[in-house]
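Below is one structure, written out as structure tokens; comments come after it.
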Amino acid sequence: MKTEGKKLTSTDFKKIRFFDHYTDKQLDTIARMSSVKEFRVKEILFEQYDELSDVYVLLEGSLSLGISLAKEKRIHLGTIEEGQMFSWSAVFSPYISTAWVMATTPAKVISIDAKTLNKEIEKDCDFGFKTMSKIAQTISHRLSDTRFQLMNQLML
Amino acid sequence: MVNDKNIYKPLRAKLKDVIDESPLIKTLVLIPEKQFSFKTGQFIELSVDGIGEAPFTPSSSPLVTEKLEVTIMKTGYVTEYMHNLKPGVFMGIRGPYGRGYPVEKFFGKEVLILGGGCGLAPIRSLLYALEAIKDKLIKVILCYGSKTPTDCIYKPLFNRLNITEKFEAYRTVDKAEEGWDGSVGVVTTLLNKIKVDIKNSIAVVCGPPIMMKFGTIRLLEMGYQEDQIYLSMEKNMSCGLGKCGHCMMGEFFVCKDGPVFTYNELKNTPDIWK
């Protein structure tokens, strides 16, 4: 993993769908708590059950998300697409990841410091509502997709 | 003279070729004895003498009248028999029946197509139709999911669409195999990566019932209105003429009033996704 030196600005976030509806000021706030990280092919961003400190948004490349029965037995559940948010467990107690994520191509992600993000969520109600709504939507889609996958399996 | 008026009498068609699409799916290329026209989304009844008939939506271009392609998934006795047919035999075609896609309503819009499994067969016919009128469309996005890469049908179609102006095509698989480096996950996950102007868009959904249910729910969540979503309900059709009642869905005969409906028309129908 490599951290890019480039300072992020609100403009960088405007291109990403996850950050639609935030004001310029709010995007500046997010930019200040964020950095860009790069990962090599097959590099693990985090393992299932790892304690998480950052929320991620995929900027470039492709990531694989899955669960493990054992470290050697990884079950690939899905692909994270560009613009998608992941690692949402970093925002909620007990801050433990529910899945592993691995780079399947060279990948660039925005890494948002979760402690600072949580402080801002508590401080600014509008920012907090938008952020929690976005995270809830992400989790809801993940749940819906998992049910879809489950029903596919049950119908086989 | 009596035969000319016999609505059950099929048109003879010679089987020219059988194309393996996946382990369970084959495309039969037929040459009808007379020119055969249909509108994209309409269906036909395809028969084998002494064996039976079954409904299928042609997968070929509605602009081609001298050749007809039908993509068939092996699901039972008749379809298994059709899979084993050899070029040169004659089959029967009745139809076309029902209401197809109202492509004239797609003019000036973006068309988002969500397909799964064998549902790509009617969609391929629609794509041919849309390609012919692409000057009147903003863009066409195809999102398609199959169980595995091996189960994906019409593989060359995706490369061709991705180099066709105004067309974008994305694939995903439920389960990856060795060598697959594309997306993994159900077809709705592809909706996270596409950019679509929902207000000026039409969505088309065709595939297995589970996929149609979850696909439609996600489209509604994205902001699509109920009358912007077209569903291809190809199930339980038997006579094709609105007489036998096998395909009744609420107040509709799928074979006569459909098979293409808007979600708005069907939303209150019991067991819509059954």
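In what follows, chains carry the letters A, B, and so on, assigned in the order in which the sequence lines appear, proteins first and then strands, with residues in each chain numbered from 1. The shown structure was predicted, so the numbers you read here are calculated from the model rather than taken from an experiment.
Looking at heavy atoms from C-beta onward, A/N152 lies in side-chain contact with B/I210 at the 4.5 angstrom threshold. No side-chain heavy atom of B/K175 sits less than 4.5 Å from a side-chain heavy atom of A/H76. A 4.5 Å side-chain heavy-atom check between A/F148 and B/K213 finds every atom pair outside the cut-off.
When the shell of 6.0 Å around CG of B/D181 is examined, it contains 12 or fewer heavy atoms from other residues, nucleotides or ligands. A 6.0 Å sphere centred on CZ of B/R160 holds more than 12 heavy atoms belonging to other residues, nucleotides or ligands. The environment of B/H246 atom NE2 is sparse: at most 12 non-hydrogen atoms of other residues, nucleotides or ligands sit within 6.0 angstrom. Residue-environment remark: CD (B/E221) exceeds the threshold of 12 foreign heavy atoms within 6.0 Å. The local environment of NZ in B/K134 is crowded, with over 12 non-hydrogen atoms from other residues, nucleotides or ligands closer than 6.0 Å. Heavy atoms from other residues, nucleotides or ligands lying under 6.0 Å from CZ of A/F129 number 12 at most. Within 6.0 Å of CZ on A/F92 lie more than 12 heavy atoms contributed by other residues, nucleotides or ligands. Applying the 6.0 Å contact sphere to CZ of B/F252 captures more than 12 heavy atoms from other residues, nucleotides or ligands.
Of the atoms belonging to A/Q84, it is side-chain heavy atoms, and not backbone ones, that fall under 4.5 Å from chain B. Both the backbone and the side chain of B/K195 come within contact range of chain A, with heavy atoms under 4.5 Å apart. Heavy atoms closer than 4.5 Å to chain A are found nowhere in B/V173, neither backbone nor side chain. Contact of A/S144 with chain B is made through backbone and side chain together, with heavy-atom distances under 4.5 Å. Looking at B/L191, only its backbone comes within 4.5 Å of chain A, counting heavy atoms on both sides.
Atoms CE and CH2, from A/M151 and B/W273 in turn, are 12.0 Å apart once rounded to the nearest 0.5 Å.
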_Set out, in order, the CA-CA distance, both residues' side-chain angles and the distance that settles side chain to side chain contact (heavy atoms under 4.5 Å, CB included) for B/R218 and A/H141, then state yes or no._
CA-CA 8 Å; B/R218 182 64 62 84; A/H141 285 173; 3.4 Å; yes
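Listed options B/T189, B/L190, B/N192, B/T172 were ranked by heavy-atom pairs under 4.5 angstrom with chain A; first place goes to B/N192.
The shortest non-hydrogen separation linking A/R17 to B/K193 is NH2-C, 4.3 Å.
Here B/K267 pairs with B/E226 under the salt bridge (charged side-chain N to carboxylate O under 4.0 Å, His left out) rule; sequence neighbours left out.
Without hydrogens or angle criteria, B/S183 side chain to A/T79 main chain gives no donor-acceptor distance under 3.5 Å.
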